[in-house]
Amino acid sequence: NMSLMGKLASVVAGAGLLASVGNVNGQGVLYDDFNSGNINPALWDVVRDTEGQQFTDEYGVLNENANNVFHTQQNTVGDRRTYLLPSRIFTTGDVISYDQTTQSHAGNYGGMVLLTGDQYIRIGINGFNNGVQGFDEIGTAYISFTFNPNSLDIIRQTPSGTVLRDSLALNNPNGNYSLQIGSFTGHNGISHMDFDNFYVGQIPEPTTSLLVLGGLSAMALNRMRKKD
């Protein structure tokens, strides 16, 4: 039989795992998976780049392989850009994640995110723009952004499974930000890129995790004493 302390240690480990579930992968509450078949204007705007380039030849919700996605595609070479703009403001503690699928490409192309609001940062997610930017692979990548008081942490899990992590300094502690999430092609580029499964959530407060951990541990200890 396990000792009382051994049993308690097992419960503590399990409680800690429970407290962290849902935050390791950046997921939270489903924001949109486009199953409605349309852009929900309460959730999104579709916008151009802040530099003013035209939209890609194709964009909008499309059923691909029996799954609705936000579809972007540039069929002829040209400098084009299309972005999804979530209709919410992000601040410290917020997390957003999504799937980005590169179906095909040639020339300069990529996934791009624009941070706007209290600070402006242009963030290359993947692609090729006179050199590889992040990663250059066909398939579905998982992307997440976590807003900390002084940094924006980015995780990119490539289609081949490599995990790339970056942290960008934020000049305004606890600032308010918007994210434009989309694709681009350069003067010689074409691409087909889709977006899906957007989730939003929050980083768990340390005190919340400790309360959950402590509460579960105390209940488990009481039960063990009764049994022993």
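Throughout, numbering of the chain's residues begins at 1 and tracks the sequence. All values below come from the heavy atoms of this structure, side chains included, with hydrogens, waters and symmetry mates left out. Everything numeric in this text was worked out from a predicted model, so none of it was measured.
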**Heavy-atom donor-acceptor pair, Asn108 side chain to Asn130 backbone, under 3.5 Å** = yes
**Asked** Are side-chain N/O atoms of Asp194 and His71 paired as donor and acceptor at under 3.5 Å?
**Response** yes
**Item:** Backbone N/O of Gly131 and side chain of Gln133: donor-acceptor pair under 3.5 Å
**Value:** yes
**Asked** Are Leu152 and Leu114 connected in a single hydrophobic cluster, I mean Ile/Leu/Val/Met/Phe/Trp/Tyr linked by side-chain heavy atoms less than 4.5 Å apart?
**Response** no
**Request:** For Tyr31, check ring-ring contact (aromatic ring centres under 6.0 Å, His included) against everything at least two apart and list the hits.
**Result:** Trp44
Could you tabulate the donor-acceptor pairs under 3.5 Å formed by side-chain atoms of residues 176-185, not counting sequence neighbours?
from, atom 1, to, atom 2, distance (Å)
Tyr177, OH, Asn172, O, 3.2
Ser183, OG, Thr72, OG1, 2.8
Thr185, OG1, Gly78, O, 2.6
Thr185, OG1, Arg80, N, 3.4

**Message:** As a quick check of understanding, evaluate side-chain contact (heavy atoms from CB on, under 4.5 Å) for Phe55 and Val46, giving each step before the final call.
**Reply:** CA-CA 9 Å; Phe55 287 120; Val46 180; 4.1 Å; yes
**Asked** Taking Asp118 for the side chain and Gly175 for the main chain, is one N or O donor matched with an acceptor at less than 3.5 Å?
**Response** no
**Item:** Leu62 side chain reached by Phe34 side chain, heavy atoms, under 4.5 Å
**Value:** no
**Message:** Treating Ser151 as the side-chain partner and Asp153 as the backbone partner, does any N or O pair qualify as donor plus acceptor under 3.5 Å?
**Reply:** no
**Message:** Grouping I, L, V, M, F, W and Y whenever their side-chain heavy atoms are under 4.5 Å apart, do Val47 and Tyr59 come out in a common cluster?
**Reply:** no
**Asked** Just one of Glu51, Gln74, Met112 clears the side chain to side chain contact (heavy atoms under 4.5 Å, CB included) bar with Arg81, so which one?
**Response** Glu51
**Request:** Taking Asn126 for its side chain and Gly111 for its backbone only, find out whether a donor-acceptor pair lies under 3.5 Å.
**Result:** yes
**Request:** Scan side-chain atoms only and decide if Tyr109 and Thr102 contain a donor-acceptor pair under the 3.5 Å cut-off.
**Result:** no
**Prompt:** Phe135 and Ile123: same hydrophobic cluster, using ILVMFWY side-chain contacts below 4.5 Å?
**Reply:** no
**Item:** Qualifying residues under side chain to side chain donor-acceptor pair (under 3.5 Å), relative to Asn35, sequence neighbours excluded
**Value:** Asp33
**Item:** No-hydrogen, no-angle side-chain donor-acceptor test under 3.5 Å, Arg48 and Gln54
**Value:** yes
**Asked** Will you find, in the side chains of Asp196 and Asn67, an N or O donor that is under 3.5 Å from an N or O acceptor?
**Response** yes
**Side-chain heavy-atom pair Leu170, Asn150 within 4.5 angstrom cut-off** = no
